[in-house]
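Read through the structure below, which is laid out as structure tokens, and then see the notes.
Only a predicted model underlies this, so the values are computations on that prediction, with no experimental measurement involved. In what follows, chains carry the letters A, B, and so on, assigned in the order in which the sequence lines appear, proteins first and then strands, with residues in each chain numbered from 1.
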2 protein chains.
Amino acid sequence: MPRYHEELRITSRTPDAIAARLEELILDGVFRPGQLLPSERRLSERLQVSRASLREGLRTLRSKGVIETRQGRGSVVASLVATPLDSPLMHLFRDHPRTLFDLLEVRSLLEGESASLAASRGTASDRVLITRRYQEMVDYAEGAETIDAERLARLDHGFHLAICQASHNPVLVHTLQSLTDLLLSSVFASVKNLYHRPRSREMINRQHARLYRAVVEGKPELARRAALEHLSSIGEQLGEIEAEEQRLERSAMRLEGW
Amino acid sequence: MPRYHEELRITSRTPDAIAARLEELILDGVFRPGQLLPSERRLSERLQVSRASLREGLRTLRSKGVIETRQGRGSVVASLVATPLDSPLMHLFRDHPRTLFDLLEVRSLLEGESASLAASRGTASDRVLITRRYQEMVDYAEGAETIDAERLARLDHGFHLAICQASHNPVLVHTLQSLTDLLLSSVFASVKNLYHRPRSREMINRQHARLYRAVVEGKPELARRAALEHLSSIGEQLGEIEAEEQRLERSAMRLEGW
DNA sequence: AACTAACGACTGGTCTGACCAGCAAACCAG
DNA sequence: CTGGTTTGCTGGTCAGACCAGTCGTTAGTT
């Protein structure tokens with residue numbers, strides 16, 4: 001029996017409407033890159049269409065590269081941009097550490113805007129997600145007796161990502177994401193060190209708390225300032241660590257008779 | 001009962017194999033542009049696959065623009081002249097104009113920062129280069145009797161790029177560059193229209209002049225504001241043009257008896 | 001207790017046969 | 001000849017079935 005579910009019929013053919021609807025959901029952040037979509041059976045039931053039509057809709061998304069599907073597993077939202085590990089910038093970073101600060105400069109700008117938008121545009125469910133990420137991070141930072149820097153870094157990243165996604169600007173999410181990837185892949189070692197220094201960790205915790213409060217309480221300008229200060233202080237810490245490493249390296253070089 | 005027609009199973013999933021096979025037939029000239037394909041029932045029988053799979057295959061071709069289908073008529077091979085360049089999230093831009101504003105939002109932020117940095121950090125030689133680009137652009141805009149929109153767009157872009165480079169932040173240059181590419185490749189037609197509208201062109205000229213002066217005179221905040229206003233006004237203009245095009249498209253659809 | 005093999009409950013992939021909706025040519029009454 | 005109706009095609013959609021990977025759990029073995 002053909003259905004007349006208005007929402008999916010108005011625009012055009014059913015499968016095209018399905019594809020458009022799913023794309024919207026992705027843009028709205030309901031389905032996020034890397035996330036597993038509901039199963040075909042569930043989706044077709046939810047959208048009130050047959051699985052055949054649903055599948056045709058999914059197929060157009062697949063051919064556009066928006067989702068990836070594997071039998072037995074499901075469909076996941078593809079990351080909007082494949083970050084080429086060998087990007088033109090990577091070389092700059094290896095050869096010229098000063099670009100690290102250039103990177104942080106741009107990131108500050110984007111993180112600040114992102115926090116501000118999250119505070120002003122964030123929905124209730126965004127705040128729930130942000131809170132969850134924040135709690136996970138705090139729980140681990142305070143609960144664990146031995147801290148795995150890599151894991152903490154991941155939780156930290158998750159927290160910032162949640163805030164960014166609450167900005168409801170996919171372009172912003174994407175841009176910030178790729179810059180973060182760049183940062184992590186170039187100075188990951190230093191970032192790890194950051195979490196090993198008790199003084200740095202304390203400061204980071206305080207800044208996270210301020211940022212978190214500003215965002216969930218919907219105070220854009222406060223959120224922006226908190227993000228900016230957070231980033232700039234991280235920049236300083238990273239600078240110290242880099243300098244330290246260079247001193248170590250140079251003394252090692254002297255030891256080796258250079 | 002599932003079939004095991006070797007020819008269509010070896011490579012991959014059935015519908016993909018179908019799409020590939022049909023593309024081959026088109027390339028071989030068996031089906032020519034403009035020609036009506038056999039009906040779905042006939043094709044599915046001929047290729048020994050179910051109509052559902054055949055339809056998924058056809059849908060892939062449709063989303064690639066290889067065929068066009070109308071209910072009650074059939075599917076015809078599209079003239080395969082224009083091969084549009086494909087990007088993962090290009091489709092999102094075409095199908096969801098709202099992301100255009102997300103893009104402009106981020107670009108404004110970066111252009112503003114870029115202008116501000118250029119004003120505060122720019123060296124004498126930076127100012128020389130910026131001035132040169134600005135002059136080239138103004139000379140062409142005022143001197144030529146017939147204006148080539150594409151050339152003007154290139155000069156415009158060169159001006160903004162010179163400013164961005166004066167910020168002395170390679171990361172900023174790179175990020176802004178990639179966003180600009182994205183913008184141009186998604187709405188290039190609209191951008192061109194921008195230069196064809198006398199009112200828009202005048203406004204752009206005035207804004208360029210203000211931005212230029214602020215930068216070379218070393219006034220960061222003024223430069224940022226000029227850039228922001230420039231971008232936001234361009235956003236408005238693009239919005240108008242897009243809306244106009246949609247109106248044209250819709251009336252064309254009515255003409256065709258949709 | 002630790003490993004492994006088998007099970008079961010998912011997932012997507014495919015098939016079938018049915019009915020609806022649009023189109024066009026054949027047909028028939030005026 | 002003209003205009004409306006019938007008829008048989010087309011794609012569009014649906015429900016329900018079964019096949020085929022995947023993964024967590026559980027029962028059996030070592």
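- With D:dG11, D:dC14, C:dT14 as the candidates, the nucleotide lying closest to the side chain of A:S53 is D:dC14.
- For A:I18 and D:dG12, the CD1 to P distance is 13 Å, given to the nearest whole Å.
- At the heavy-atom level, B:R55 lies under 4.0 Å from base atoms of the strands shown.
- Comparing D:dT10, D:dT13, D:dC14 by their closest approach to the side chain of A:T14 singles out D:dT13.
- Rounding to whole angstrom units, CD of residue B:E68 and P of D:dG12 are separated by 13 Å.
- Taking atom CZ on B:R70 and atom P on D:dG12, their separation rounds to 12 Å, with Å as the unit.
- Rounded to whole angstrom, the span from the CD atom of A:E45 across to the P atom of D:dG16 amounts to 12 Å.
- Scanning atom types as modelled, one donor and one acceptor separated by under 3.5 angstrom connect the side chain of A:R41 and the base of C:dG12.
- Under 4.0 Å is where a charged nitrogen must lie from a carboxylate oxygen, and between A:R121 and B:E105 at least one such pair does.
- Using a cutoff of 4.0 Å between basic side-chain nitrogens and carboxylate oxygens, A:E24 and A:R21 are scored as salt-bridged.
- A:R42 comes within contact range of the sugar-phosphate backbone alone, with a heavy-atom separation under 4.0 Å but no base atom that close.
- Remark: B:R62 does not engage B:E68 in a salt bridge, criterion side-chain N to carboxylate O under 4.0 Å.
- Rounded to whole angstrom, the span from the CG atom of A:L47 across to the C1' atom of D:dT13 amounts to 15 Å.
- As a whole-Å value, the separation of B:E56 CD from D:dG12 P is 13 Å.
- In the set D:dC14, D:dT22, D:dT13, the nucleotide with an atom closest to the side chain of A:R73 is D:dT22.
- Of the candidate nucleotides D:dG21, C:dT16, D:dG11, C:dT16 has the atom lying nearest to any side-chain atom of B:A52.
- Of the candidate nucleotides D:dC14, D:dG11, C:dC15, C:dC15 has the atom nearest to the side chain of B:S50.
- Remark: A:E23 engages A:K64 in a salt bridge, criterion side-chain N to carboxylate O under 4.0 Å.
- Put simply, the side chain of A:R51 and the base of D:dT13 share no donor and acceptor less than 3.5 Å apart.
- Ion pairing between A:R59 and B:D16 holds under the 4.0 Å rule for side-chain N and carboxylate O.
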